[in-house]
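These notes concern the structure reproduced below.
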Amino acid sequence: MGRKRFRVAVLGATGMVGQWLVHLLDRHPWFQVVALTGSDRSVGRPYGEACRWLLSAPMPPWAASMIVQPTEPGFEADLVLSALPSEIAREVEPRFAAAGYLVASNASAYRMASDVPLVMPDVNPDHLDLLSRQREIRGWSGALLTNPNCTTTAVVLPLKALMPYGVRRAHLVSLQALSGAGYPGVPALEIVDNILPYIAGEEEKLEREPRKLLGRLANGAVREADLALSAQTNRVPTLDGHLVCLSVELAERISPEAAMRAMAAYRPPEEVADLPSAVPQPIVVRTEPDRPQPRLDRMAGGGMSVVVGRVQPCPVFTLKFVALTHNTIRGAAGAALFNAEAALRWAGRV
Ligand code: NAP
């Protein structure tokens with residue numbers, strides 16, 4: 001497999017997710033960045049000047065000297081990774097797909113569209129087949145696929161591992177880090193010494209997206225999983241790492257030990273297991289009574305593993321546990337990269 005063989009553009013490269021994409025792309029074996037885009041605020045300026053870099057790893061020198069481009073089709077690229085706000089993505093992403101680019105998007109605009117795959121490659125890689133239907137319907141020479149909302153990733157992997165026991169319904173309470181709100185995000189005066197019990201649109205996404213991800217693709221459409229979810233979402237003053245407390249009802253009453261074994265044994269499907277962003281153990285199970293914790297556990301699997309702990313019997317449903325996801329890696333930039341790799345595999349290009 002050759003090195004750096006696909007040319008990539010990052011849309012919204014100056015934002016929180018865009019920065020993580022630039023950082024992860026610096027080390028990516030297949031992808032070479034050829035364009036970084038932003039809004040009118042940044043266009044024409046060197047990325048190093050336009051971007052308020054917030055990662056502890058330094059900005060790659062090749063990125064610092066690139067001039068930020070307008071967010072319009074026109075660059076010589078094979079792939080587009082989108083970290084645009086949803087309302088901008090809604091208008092711009094179809095134009096890129098129509099112009100022939102493969103677009104892997106973080107934005108929520110098209111996640112629930114019936115012909116757009118909502119994918120986590122280690123959960124539902126078969127849903128990529130929707131891209132054939134998308135081409136028929138939309139007539140695009142390119143394609144558009146999406147990754148889920150960051151918090152959804154913490155929920156879907158454990159539920160996928162428990163599906164053989166018949167997941168019926170779940171109650172979810174999230175504690176979500178500040179980076180999930182992008183930059184500049186929530187004002188310090190609102191979040192220091194505080195918790196905000198409302199994140200616009202988040203509960204709806206958390207109640208809907210897992211049903212599509214865990215659904216079945218048949219005859220060119222996804223039939224959503226028959227699964228009732230009730231979510232309450234909170235913004236808390238951590239930097240990275242969304243923690244979710246779940247109570248889950250299963251058709252079969254299984255012990256916490258059996259559930260932990262099922263989750264720890266969950267492996268990515270063979271067709272995606274060797275992709276650069278795949279991790280051998282998508283769910284890491286901790287048995288200490290006080291784990292997972294965002295600061296200690298968010299970088300498990302390079303930020304691509306979901307960490308589960310506190311698995312206990314639930315007096316109301318069947319089991320309760322806590323799950324942690326690195327929201328800007330597994331929940332955003334790493335997710336889009338993994339999707340782009342899986343889409344190239346699906347298209348027979350790798
Ligand atoms: P952000 O920090 O606010 O960054 C937004 C980016 O979009 C910036 O690069 C900005 O460029 C660009 N942009 C804004 N308006 C634009 C316009 N009119 N035309 C072109 N570019 C424009 O947001 P973020 O947190 O990175 O999130 C990006 C997307 O990923 C959102 O759709 C979000 O919902 C989704 N997402 C975020 C997370 C997370 O954990 N943060 C997780 C999953 C999904 P300038 O800097 O030049 O203005």
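Excluded from the calculations below are hydrogen atoms, water molecules and symmetry mates; all remaining heavy atoms, backbone and side chain alike, are included. Given the structure is predicted, the values throughout are model-derived calculations rather than measurements. Each ligand, and each atom within it, is numbered from 1 in the order the structure gives.
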Exercise. Checking side chain to side chain donor-acceptor pair (under 3.5 Å) for the pair Thr318/Glu249: CA distance, chi angles, key distance, verdict?
Worked result: CA-CA 5 Å; Thr318 313; Glu249 185 183 62; 5.7 Å; no
Problem set entry | Aromatic centroids of His23 and Trp53 separated by under 6.0 Å | no
Seminar exercise, completed: Protein neighbours of ligand 1 with a heavy atom under 4.0 Å, given by chain and number, are Gly12, Ala13, Thr14, Gly15, Met16, Val17, Gly38, Ser39, Arg41, Ser42, Thr71, Ala83, Leu84, Pro85, Ser86, Ile88, Asn106, Ala107, Arg111, Cys150, Ser179, Gly180, Gly182, Tyr183, Asn327, Thr328, Gly331, Ala332
Exercise. Does Arg216 come within less than 4.0 Å of Glu224, counting only side-chain N to carboxylate O?
Worked result: no
Seminar exercise, completed: Applying ring pair (Phe, Tyr, Trp, His ring centres under 6.0 Å) to Phe338 and not counting sequence neighbours gives none
Problem set entry | Non-neighbouring partners of Glu252 that pass salt bridge (Lys or Arg N to Asp or Glu O under 4.0 Å), sequence neighbours left out | none
Problem set entry | Residue list, ring pair (Phe, Tyr, Trp, His ring centres under 6.0 Å) with His171, at least two apart or on another chain | none
